[in-house]
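No experiment lies behind these values; they were computed from the predicted model shown.
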Amino acid sequence: MRNISVNLCIMLVAVVLISCQQSKQSSEKATNDNYDIAGVVTEVNKEDYSILLGLTKKVQESEEQMWVRVSEDTTISYKNEEGLSFEDIEQEAELKVSLSDECLEPGIRICFAKDIVIQ
């Protein structure tokens with residue numbers, strides 16, 4: 001009986017440690033400066049869930065603007081506060097964006113957001 005209790009305690013401690021580590025990683029993601037692009041929102045298109053950014057941190061030197069499309073998989077936060085939605089993004093807001101691997105190239109490039117942090 002004592003062995004079962006010890007094993008359960010060890011398993012419980014392991015679960016708690018893993019949960020804490022995952023929690024720490026998600027809070028680091030929201031404050032991490034390792035984002036693909038950054039910029040100021042110049043336009044919000046609510047019809048197709050897109051944001052036009054005037055870029056302050058660029059992927060390509062020649063780009064001044066980029067459309068960022070928000071999907072149901074995009075995480076949006078305000079600094080460390082999770083759970084915001086597309087409707088919380090306003091014009092003139094400063095954003096940092098991690099891009100997914102998918103981009104479209106009609107004139108101004110359209111890229112899909114993985115994570116967005118409102119500054």
Are Ile116 and Tyr49 grouped together when hydrophobic residues (ILVMFWY) are joined by side-chain heavy atoms under 4.5 angstrom apart? yes
Same cluster or not: are Ile118 and Val68 linked, directly or through other Ile, Leu, Val, Met, Phe, Trp or Tyr residues, by side-chain heavy atoms under 4.5 angstrom apart? yes
State, yes or no, whether a side-chain contact exists between Val117 and Tyr35 at a heavy-atom distance under 4.5 Å. yes
Is there a side-chain contact between Leu52 and Gln65 in this structure, where contact means two heavy atoms from C-beta onward sitting under 4.5 Å apart? yes
When rounded to the nearest 0.5 angstrom, what distance separates [atom1] in [X] from [atom2] in [Y]?
| X | Y | atom1 | atom2 | result |
| --- | --- | --- | --- | --- |
| Ile110 | Met66 | CD1 | CE | 10.5 Å |
| Glu90 | Ile51 | CD | CD1 | 11.5 Å |
| Ser77 | Lys96 | OG | NZ | 10.5 Å |

Can you name the closest pair of heavy atoms from [X] and [Y] and give their distance?
| X | Y | answer |
| --- | --- | --- |
| Thr74 | Arg69 | OG1-O, 4.5 Å |
| Leu95 | Leu53 | CD1-CD2, 3.8 Å |
| Lys58 | Glu63 | CD-O, 2.9 Å |
| Gln91 | Glu43 | NE2-CA, 3.6 Å |
| Ala113 | Val97 | CB-CG1, 3.9 Å |

